[in-house]
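Working notes, beginning with the structure itself.
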Amino acid sequence: MYLTREEEAMCNGEYGETIRKSMDLLVALGDIYGASELVKITSAQVSGVSYKTIGEAGLEYLEDLAKGDIGDANTISTLNPPGTDLDNWKKFGFPEDFSIKQNRIVDAYAKLGVSKTCTCTPYLVGNVPRFGDHIAWAESSAVAYVNSVIGARTNREGGPGALAASIVGKTPMYGFHFEENRKANLVVNVECELSGADFGALGYIIGQKVGGGIPYFILQNTPDNNDLKTLGAALASSGSVALYHMENVTPEYKVAEKENAEDKIAITREDIDETRTNLTTTDVTPDLICLGCPHASLEEIKKVANIVEGKKIQNKLWICTSVAVKASADRMGYTTTIENAGGNIVCDTCMVVAPIEDMGFKVIGVNSAKAANYIPSMCGLEVRYDDVENLIQFQ
Ligand SMILES: C[C@@](O)(CCOP(=O)(O)O)CC(=O)O
Ligand code: SF4
């Protein structure tokens, strides 16, 4: 891979150990994927945050890396969700040792220049690249959203690659950074109207069929951004989709060359309903309803507040989101409405990489196909997959 004189100097340690190690990783990734050069990035989203996923070794690595100077790349960098509410872990019953180590991990990332946003929806809290920007994002649902709905350019970065790109301000130029690699290869004709948890079911079906390919959707009804967030998360979890197109909705659908797609498929109401049923693993009533995978938007929190207003919830209800979105929900009174009904807004937390299996829960109710897909394997718990309205039970 070609390196500029400055990049060579970074590799030689003239800018310090942390930058040298970051460059080593970027050059290795570039060589593996056949990149010709590095490209400047405007933004990074860093995964590899939960103590459940990176463990003691990851914590020690980050604290050691954070001792060095990180220079002044000043890349807008946001951080994935940890496995706990960093400030209110005691209130929600998260394990103390886990939560203390989780805070150390996030503090180490902050020393490395990554902001403590702790969310998988950075596009809701100010990390909003522009169409055509080269960026380095990890967290599969965020990658699917930013490539597809915003039209920025990123590969599905791993945590270390995104962190290295954030520190250096560059990433290897290959894959989805090139226009020619962003063309559709499966046309998906949806023959029924979709709402709510249907979108996750659609993503789950197509992710399994297309793997890492690029689906082109033709829908009967126009989704909102929350639907697109949910669709992308599911596509990226049952497959490894980093980019999708949607006719009349996404910014690149006109240049996706759907006419050259290798295959096409029709999806019916029966396909959606069958998948919704199959994503549920038990008929036992959930003891925790956990929403916000990906993290909830203010509109999604408002919808729950409207559902529960003036009532008492029978099962425990958590809505996971960023501290920034919760601040808006507080100001709008949605948090008080939800708490008066017996629910809670839990900040920072990713339910999938939280130690919920050590907190007494047995069955989790989710409206996210990604969560329904991951919780049984990553937490060893049962799930009920349904729309919010059907999950929340009242006394
Ligand atoms: C499941 C997932 O969202 C969890 C991310 O956790 P972490 O940031 O890798 O600790 C990873 C992904 O889907 O990219
Ligand atoms: S909440 Fe869902 S989308 Fe967000 S990081 Fe966790 S698994 Fe990924």
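Just follow the structure's listing: the first ligand is 1, and inside any ligand the first atom is 1. Since the model is a prediction, treat every value here as computed from it, not as a measurement.
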Answer yes or no on whether Lys302 is positioned over the face of Tyr334, meaning its NZ or CZ is under 6.0 Å from the six-membered ring centre and within 45° of the axis.
no
Lys/Arg cation over aromatic Phe178: Arg153, 6.0 Å, 45° cone:
no
So Tyr244 and Phe217, would you call those rings parallel, tilted or perpendicular, with 30° and 60° as cut-offs?
perpendicular
Could you check whether the rings of Tyr123 and Tyr145 sit parallel, tilted or perpendicular, using 30° and 60° as the cut-offs?
parallel
For [atom], what is the closest protein heavy atom, and at what distance to 0.1 Å?
atom: atom 11 (C) of ligand 1; value: Glu139 OE2, 3.9 Å
atom: atom 10 (O) of ligand 1; value: Thr53 OG1, 2.7 Å
atom: atom 2 (Fe) of ligand 2; value: Cys293 SG, 2.3 Å
atom: atom 7 (P) of ligand 1; value: Gly48 N, 3.4 Å
atom: atom 1 (C) of ligand 1; value: Tyr374 CE1, 3.6 Å
atom: atom 6 (Fe) of ligand 2; value: Cys350 SG, 2.3 Å
atom: atom 5 (S) of ligand 2; value: Glu139 OE2, 3.5 Å
atom: atom 14 (O) of ligand 1; value: Ser140 N, 2.8 Å
atom: atom 7 (S) of ligand 2; value: Lys370 CE, 3.5 Å
atom: atom 4 (C) of ligand 1; value: Val353 CG1, 3.8 Å
atom: atom 5 (C) of ligand 1; value: Asn80 ND2, 3.4 Å

Does some non-hydrogen atom of Cys120 fall short of 4.0 Å from ligand 1?
no
Taking only non-hydrogen atoms of Lys370, do any sit less than 4.0 angstrom from ligand 1?
yes
Is Tyr15 reachable from Ile41 through a run of hydrophobic residues whose side-chain heavy atoms are each under 4.5 Å from the next?
no
Among the clusters formed by ILVMFWY side chains lying less than 4.5 Å apart, do Ile364 and Ile392 turn up in the same one?
no
Look only at interatomic distance and state if Met378 has a nitrogen or oxygen under 3.5 Å from any nitrogen or oxygen of ligand 1.
no
Polar atom proximity, Ser141 to ligand 1 (N or O, under 3.5 Å)
no
Within the 4.0 Å heavy-atom shell around [X], which atoms of ligand 1 are there?
X: Val49; answer: 7 (P), 8 (O), 10 (O)
X: Ser50; answer: 10 (O)
X: Ser47; answer: 8 (O)

If you look at every heavy atom in Glu252 and Gly151, which pair is closest and at what distance?
OE2-CA, 3.6 Å
Give the minimum heavy-atom separation between Ala266 and Glu191, together with the two atoms involved.
CB-OE2, 3.3 Å
Does Gln102 form a side chain to side chain contact (heavy atoms under 4.5 Å, CB included) with Trp89? I'd like the steps, not just the answer.
CA-CA 10 Å; Gln102 187 66 84; Trp89 51 267; over 6 Å; no
Check whether any heavy atom of [X] sits under 4.0 Å from an atom of ligand 2.
X: Ala371; result: no
X: Ser237; result: no
X: Pro81; result: yes

Please indicate whether Arg130 has more than 12 foreign heavy atoms, meaning atoms of other residues, nucleotides or ligands, lying under 6.0 Å from its CZ.
no
Residues, nucleotides or ligands: over 12 heavy atoms within 6.0 Å of Lys111 NZ
no
Decide yes or no for Pro129 and Val146: does some side-chain heavy atom of the first lie under 4.5 Å from some side-chain heavy atom of the second?
yes
How about Phe176 and Thr154: do any of their side-chain heavy atoms sit closer than 4.5 Å?
no
Looking only at the aromatic ring of each residue, does the gap between the centers of Phe94 and Trp318 stay below 6.0 angstrom?
yes
Among Ser115, Ser43, Ser77, which one satisfies side-chain hydrogen bond (donor to acceptor under 3.5 Å, both in side chains) with Asn127?
Ser43
Ligand-side contact atoms (ligand 2) for residue partner [X], heavy atom cut-off under 4.0 Å:
X: Ser141; answer: 3 (S)
X: Cys120; answer: 1 (S), 3 (S), 4 (Fe), 5 (S)
X: Gly292; answer: 1 (S)
X: Val352; answer: 7 (S)

